[in-house]
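Written out below as structure tokens is the structure these notes cover.
Lettering follows sequence order; numbering is per chain, from 1.
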Amino acid sequence: MSLIRTRFAPSPTGFLHIGGARTALFNWALTRKQGGAFVLRVEDTDLERSTRESEEAVLDGLRWLGIDWDEGPLRQTDNADRHKAVVEQLLSEGKAYRCVCTKEELEARRDADIKAGGKGIYDGRCREAAHGADCGDHTVRLRVDAEASLRWDDLVFGPSGQDASEIGDGIIRRTDGTPLYHLAVVVDDIDMQISHVIRGADHHSNTPFQLALYRALGAEPPTFGHVPLIVAESGRKLSKRKDPVSIQQFKADGFLPDAMVNWLVRLGWSHGDQEIFSRDEIVEHFGLDHVGRAGAQADLQKLEWLSQHYIKEASADALYEAVNPFIDAVAGRNVDRDANLDRTLDLLRERSNTLVEMAEKARFVLCDDIEIDAGAAKKHLRPVALEPLEALIPSLEALDEWSEASLEPAFEATCKALDDLKLGKLAQPVRVCVTGTGASPGIYETLEVVGQTRTIARLRAGVDVIKARIAEG
RNA sequence: GCUCCCAUCGUCUAGUGGCCUAGGACGCGGCCCUCUCAAGGCUGAAACACGGGUUCGAGUCCCGUUGGGAGCGCCA
């Protein structure tokens with residue numbers, strides 16, 4: 001299979017969008033599978049919105065996801081001279097012409113045309129006017145041959161396109177002399193010898209005009225593949241305000257990059273019944289032939305499931321690395337890694353959908369002072385629990401070895417001495433005293449990672465809570 | 001309005017004319033396990049938008065309807 005050249009061309013608008021991330025991932029996967037180069041090109045021609053900071057944010061997002069590129073980042077503004085030269089060239093070849101129609105005139109004529117049942121495309125008024133460079137304020141339009149067929153075989157949608165008569169002569173240079181997006185992408189893609197343009201389906205209807213540009217420039221168009229959009233629950237385009245779309249946000253919410261990648265790649269693409277894909281497996285199996293044509297709704301619950309899956313699978317080193325910042329945040333200090341912390345994290349793997357959850361659930365180990373949840377206290381720190389707790393404390397104090405193995409007989413002996421008390425009647429109050437909540441890993445494991453000193457102290461504090469409650473009546 | 005596109009369980013999807021009384025996964029219900037919460041095991045409910053064709057046979061092909069989306073900018 002011959003080498004391909006692909007590109008991801010984000011506009012640096014502050015953060016990496018999940019739609020863009022998926023487009024990048026598909027480009028990356030295709031390139032890594034077929035062999036070739038994946039190029040990153042920043043479309044920064046919208047100077048109002050483009051900053052180096054937002055460009056960095058986009059690159060960071062890609063790096064975090066593990067999507068690496070072979071060339072770039074190139075910037076579209078760096079090619080500005082080339083874009084201008086191309087417009088001049090088209091002008092001199094008669095493939096483009098100057099148009100002196102003003103915005104207002106254009107708008108009025110389009111409205112009138114639509115009212116009269118027309119399609120509202122440019123009427124070609126300046127097409128044969130042969131305005132020279134001295135015509136004053138003007139735009140430049142591409143002369144689109146009305147007979148031309150602007151069709152292509154899309155890698156995802158199959159036969160696509162329409163006749164030139166449907167699109168009209170589009171503007172390629174503004175009055176202020178700057179080139180438009182369509183001109184810039186086509187020129188850049190030609191210059192960079194991009195062989196496969198994989199992009200969002202929102203560009204599907206833009207493609208015919210771009211095909212006309214390739215034709216005018218005498219260049220062989222690339223192979224196109226349009227990937228359906230990721231849609232919101234409403235079925236509409238994702239909204240930056242209402243929907244979670246920023247990769248940075250997902251990172252901050254404690255999702256593992258492996259989970260993100262797995263989630264994104266399955267949004268629209270499939271490989272039989274397989275759900276879990278490592279990056280290697282994605283590269284091994286990926287292909288545009290199995291990308292669906294309908295828009296895909298972002299399913300956050302599936303992401304959480306994947307996230308937990310990867311948390312469960314992660315190596316101890318990788319897990320610590322990933323959860324470290326979240327743990328520090330909960331502890332309010334730099335937490336050193338030790339065997340007890342690793343043990344704690346292991347206990348929490350199957351109980352955490354995200355790293356944020358994991359860190360929060362580790363609070364009873366990370367912090368010396370814990371707060372007892374009011375609801376849990378009300379339910380479990382009742383007068384009936386006083387005797388069992390008071391009976392347990394001395395036997396725990398007497399333990400020379402503090403481990404699951406030594407804790408279990410101590411609990412059992414206490415229950416037995418209390419007229420065969422059910423373990424739950426003892427374990428739940430203990431759990432609330434020690435963790436502050438009614439849910440935690442197994443009680444022996446929990447106590448083991450909390451440690452003997454802190455366990456005893458928390459049990460005593462719990463006993464005091466119950467006594468206070470009794471005193472209040 | 002015009003052009004283009006899309007349509008299988010709530011969601012992501014398998015399915016490329018017979019293997020489909022439609023499979024998997026997330027989520028949801030039930031059961032088991034159990035000191036709580038999970039995890040795990042078993043199990044259940046849940047879809048081919050509708051109407052016409054074509055064909056011996058249609059989720060799969062064609063047409064229409066309905067619904068949805070994108071594009072129609074001197075934005076990218």
Side-chain angles (χ1 to χ4, degrees), chain A residues 9-13 43-46 48-50 76 99 101-103 106-107 110 113-115 117-121 137-141 154 157 160-163 166-168 170-182 184-185 200-209 226 228-229 231 233-237 263 266-276 289-290 292-306 308 312 347-353 361 376 380 411 415 422-432 435 437-444 446:
Chain A
S11 32
T13 50
E43 314 245 296
D44 57 349
T45 45
D46 184 352
E48 307 245 323
R49 291 190 296 173
S50 302
Q76 194 154 58
C99 171
C101 302
T102 66
K103 236 181 204 172
L106 254 15
E107 212 169 293
R110 190 181 57 220
D113 183 45
I114 288 173
K115 206 170 242 176
K119 295 174 181 175
I121 58 180
D137 281 353
H138 66 274
T139 58
V140 174
R141 286 181 186 272
D154 196 275
F157 288 96
S160 303
Q162 51 200 302
D163 293 328
E166 300 289 348
I167 65 172
I171 293 173
I172 55 176
R173 190 176 77 188
R174 300 182 183 88
T175 303
D176 68 6
T178 56
L180 266 90
Y181 165 78
H182 290 298
V185 252
D202 47 341
H203 289 284
H204 193 255
S205 1
N206 288 331
T207 308
F209 183 67
H226 290 90
L229 268 22
V231 300
E233 272 187 66
S234 58
R236 299 181 185 214
K237 215 156 103 170
W263 182 60
R266 280 288 287 104
L267 236 38
W269 174 75
S270 63
H271 177 67
D273 285 341
Q274 190 171 342
E275 295 288 347
I276 303 294
D289 49 337
H290 279 90
R293 282 147 316 218
Q297 199 170 305
D299 181 357
L300 279 325
Q301 288 184 311
K302 184 90 160 249
L303 206 214
E304 295 200 339
W305 172 73
L306 281 165
Q308 184 181 58
K312 283 194 290 188
L347 296 174
L348 263 16
R349 285 172 189 263
E350 63 199 27
R351 298 176 166 83
S352 310
N353 286 327
K361 286 182 173 165
H380 297 292
F411 270 70
C415 285
K422 297 250 292 179
L423 180 57
K425 300 284 184 192
L426 177 59
Q428 269 313 86
V430 169
R431 173 171 281 115
V432 173
T435 71
T437 72
S440 85
I443 195 65
Y444 310 130
T446 298

Checking only heavy atoms, does the side chain of [X] share a donor-acceptor pair with the base of [N] at less than 3.5 Å?
X: Gln274(A); N: rG24(B); result: no
X: Ser205(A); N: rC72(B); result: no
X: Asp202(A); N: rG71(B); result: no
X: Arg293(A); N: rC6(B); result: no

* Is there a side-chain polar atom (N or O) of Lys312(A) under 4.0 Å from OP1 or OP2 of rA38(B)? ->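 For rA38(B), neither OP1 nor OP2 has a side-chain N or O of Lys312(A) closer than 4.0 Å.
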
* Donor-acceptor contact below 3.5 Å, side chain Thr435(A) vs main chain Arg431(A) ->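 The answer is yes, because a donor-acceptor pair under 3.5 Å joins these two groups.
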
* To do: Please answer whether the main-chain N or O of Pro179(A) pairs with a side-chain N or O of Arg174(A) as donor and acceptor at a distance below 3.5 Å.
  =>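 Yes; at least one donor-acceptor contact below 3.5 Å.
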
[X] has an atom [atom1]; how far is it from atom [atom2] of [N], in whole Å?
X: Ile114(A); N: rC2(B); atom1: CD1; atom2: C1'; value: 7 Å
X: Gln162(A); N: rC5(B); atom1: CD; atom2: P; value: 8 Å
X: Arg110(A); N: rC2(B); atom1: CZ; atom2: P; value: 16 Å
X: Asp289(A); N: rU16(B); atom1: CG; atom2: P; value: 13 Å
X: Asp273(A); N: rC26(B); atom1: CG; atom2: P; value: 12 Å
X: Glu304(A); N: rC28(B); atom1: CD; atom2: P; value: 10 Å

* Please determine, for the side chain of Leu229(A), which listed nucleotide (rA70(B), rC26(B), rC35(B)) has the closest atom? =>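 Minimum distance to the Leu229(A) side chain belongs to rA70(B).
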
* To do: Among rG27(B), rC37(B), rU11(B), find the nucleotide with the atom closest to the side chain of Trp305(A).
  =>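 Looking only at heavy atoms from C-beta outward on Trp305(A), the closest nucleotide is rG27(B).
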
* Asked: Between CZ of Phe209(A) and CD1 of Ile171(A), what distance do you get to the nearest 0.5 Å?
  ->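 Reported to 0.5 Å precision, the distance equals 9.0 Å.
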
